[in-house]
2 protein chains.
Amino acid sequence: MPAAAPAVEARVTDLIREAIVRGDYAPNQRLIEADLSESFSASRATVRTALLELASEGLVERLPNKGSRVRAISLDEAIEILEVRIGLEGLCAAKTAEGLTDAEAAEFEGLRAAMLAAVDEGDLVEYARLHQRLDARVRELSRHATAAGVLARLYAQSIRYHFKLASKPARAKVSLLEHVAIVDAILARDPDAAERAVRAHLLSVIDALRDLAA
Amino acid sequence: MPAAAPAVEARVTDLIREAIVRGDYAPNQRLIEADLSESFSASRATVRTALLELASEGLVERLPNKGSRVRAISLDEAIEILEVRIGLEGLCAAKTAEGLTDAEAAEFEGLRAAMLAAVDEGDLVEYARLHQRLDARVRELSRHATAAGVLARLYAQSIRYHFKLASKPARAKVSLLEHVAIVDAILARDPDAAERAVRAHLLSVIDALRDLAA
DNA sequence: TCATCCAAAATCGTTGACAATTTCTACCCC
DNA sequence: GGGGTAGAAATTGTCAACGATTTTGGATGA
């Protein structure tokens, strides 16, 4: 049996999603089915399916009989997404703190040390990678499929704003302290403190985003 | 122009969704494209698109090369959904309390009176209708499209459990008090109190659901 | 009896073509 | 010259057919 090639459909969806997230297609740019069909050498129906899927993820906007376009996330929407994330990531952090195993605790200690080192060395890219990994692990270890699923979607939508924030050096120091507080609360196995720490962090991100716009 | 007939695609999606929510198709029942195609007299491609859409809403489960089935929401999942709703509905209630106009306040006072009357008369069906309307209005008036969108999806998924709870007469009295508390907090234009009231209510629903299973 | 294998049926995935709708363009009339 | 209009071009929506994959049922042999 040849190494189980993934369905074309799923593959095309991923390719288009990556292209959007990477910024190959500008916000509000029209996505014409026939063009994508040629670009990715897939049938138009396959592309159509992919666009449908991406529309449900919030990355693409579909107007009946008028085609698809890359959905532009406004600053207001980005803030809305962060507000929703307060509730969801707070929940995940609390659950993670509640059910933390010793092995998981060790992993978080490692991440905390690595984040501190990265910021100390001024390596913003590495720090961004690490704190994304921290967020992802908190979501996974919460074992809360519903919250994790919703968060994954929201995250993809607002990725553009993540880049903008991550490029501000002054932001890293604030962000670091907040993330350390989150890790500390989880390591203390204190669900309430973890939820509060997440809330504080995301409120701070909202403020930073507002400043960025002003 | 003739009253803008909706696209067949959207119509079929709605029909299948209603059939699932109404319970015409049992959980885990296989949904065969060819059969649905005949039932709704639409092409298989249209049905396929509809199933894809419903899968993204969480109502249908799609296994690659193995077809679609009505997704069965386990009790654990229903509880997860309620946990997520705490964060989201709490947010909506806070926003609604924050920006409440006098006209909206009058509407909530009317709903509160109607709910009290319905439970007093033992009309459980009317009470269920009213408190669903209350929830919906809180979502709408929060003007938080992101939270409202996520909530709409989660609500459709867990509708089966709503029915189960709504049919317990003893539950109505508890539920009524909690909803009155929510309305009171909103009318007082106190965001924090509204969020706490929503949290208390949903935690109580989680308990009730656990009892139901035991 | 039971496990194994193979063929046939059922079902999904993909494609190309056609129909319906929207958008663009050139033209005409005022 | 401006505005509206008919027709053409571009694009999406729908369909039926073909190919690929999975499941089913029964025949075979130990």
Side-chain angles (χ1 to χ4, degrees), chain A residues 1-20 24-72 157, chain B residues 1-20 24-72 157:
Chain A
M1 186 170 48
V8 175
E9 179 179 311
R11 215 164 43 73
V12 171
T13 305
D14 291 341
L15 287 174
I16 299 179
R17 185 191 297 107
E18 285 163 21
I20 293 175
D24 290 358
Y25 300 120
N28 279 325
Q29 180 176 335
R30 289 197 58 187
L31 298 172
I32 288 146
E33 298 180 359
D35 293 355
L36 296 175
S37 170
E38 190 172 359
S39 300
F40 297 101
S41 46
S43 83
R44 200 163 69 80
T46 305
V47 169
R48 197 179 164 71
T49 302
L51 288 176
L52 231 33
E53 172 72 25
L54 294 173
S56 84
E57 291 178 18
L59 283 176
V60 164
E61 199 173 13
R62 278 174 62 78
L63 311 174
N65 283 313
K66 294 175 72 177
S68 309
R69 59 171 68 186
V70 178
R71 197 158 88 87
Q157 288 177 33
Chain B
M1 187 167 51
V8 176
E9 179 179 310
R11 215 162 45 73
V12 171
T13 305
D14 291 341
L15 288 175
I16 299 180
R17 184 192 298 107
E18 285 163 21
I20 293 176
D24 290 358
Y25 301 120
N28 279 323
Q29 178 174 339
R30 289 195 60 185
L31 298 171
I32 289 146
E33 297 181 359
D35 293 355
L36 296 175
S37 170
E38 189 172 1
S39 300
F40 298 100
S41 48
S43 82
R44 204 162 68 80
T46 304
V47 169
R48 195 180 165 71
T49 302
L51 289 175
L52 234 31
E53 173 73 25
L54 294 173
S56 82
E57 292 178 18
L59 283 176
V60 164
E61 199 174 12
R62 280 175 62 78
L63 311 174
N65 283 312
K66 293 175 71 177
S68 310
R69 60 168 74 180
V70 178
R71 195 158 91 86
Q157 288 178 31

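We use all heavy atoms of the structure for the numbers below, so side chains are in, but hydrogens, waters and symmetry mates are not. Below, read A as the first sequence line, B as the second, and so on, with proteins coming before strands; counting in each chain starts at 1.
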Specify the separation, in whole Å, of atom [atom1] of [X] and atom [atom2] of [N].
{"X": "A:Gln29", "N": "D:dT11", "atom1": "CD", "atom2": "P", "answer": "13 Å"}
{"X": "B:Arg69", "N": "C:dC12", "atom1": "CZ", "atom2": "C1'", "answer": "15 Å"}
{"X": "A:Leu52", "N": "D:dG13", "atom1": "CG", "atom2": "C1'", "answer": "12 Å"}
{"X": "B:Glu33", "N": "C:dG13", "atom1": "CD", "atom2": "C1'", "answer": "9 Å"}
{"X": "B:Leu63", "N": "D:dT23", "atom1": "CG", "atom2": "C1'", "answer": "13 Å"}

> Is A:Leu31 touching bases, backbone alone, or none of the nucleic acid, heavy atoms closer than 4.0 Å?
Replying inline: sugar-phosphate
> Any idea which heavy atoms bring A:Ala72 and A:Asn28 closest together, and the distance?
Replying inline: CB-ND2, 3.8 Å
> Taking all non-hydrogen atoms of both residues, which atom of A:Ala55 and which atom of A:Arg62 are closest, and how far apart?
Replying inline: CB-CD, 3.7 Å
Under 4.0 Å between a side-chain N/O of [X] and OP1 or OP2 of [N], yes or no?
{"X": "A:Arg48", "N": "D:dT12", "result": "no"}
{"X": "A:Thr46", "N": "C:dG13", "result": "no"}
{"X": "A:Arg44", "N": "D:dC15", "result": "no"}

>> Check this for me: B:Glu38, atom CD, are more than 12 non-hydrogen atoms of other residues, nucleotides or ligands nearer than 6.0 Å?
In response: no
Name the closest nucleotide to the [X] side chain, picking from [options].
{"X": "A:Asn65", "options": "D:dG13, C:dG13, C:dT15", "value": "D:dG13"}
{"X": "B:Ala45", "options": "D:dT12, D:dC15, D:dT23", "value": "D:dC15"}
{"X": "A:Lys66", "options": "C:dT23, D:dT14, C:dT14", "value": "C:dT23"}

> Is it true that a side-chain atom of B:Arg44 and a backbone atom of B:Glu33 form a donor plus acceptor pair closer than 3.5 Å?
Replying inline: no
> Starting at the 5' end of DNA chain D and moving along, which residue's nearest nucleotide shows up first, B:Arg30 or B:Ser43?
Replying inline: B:Ser43
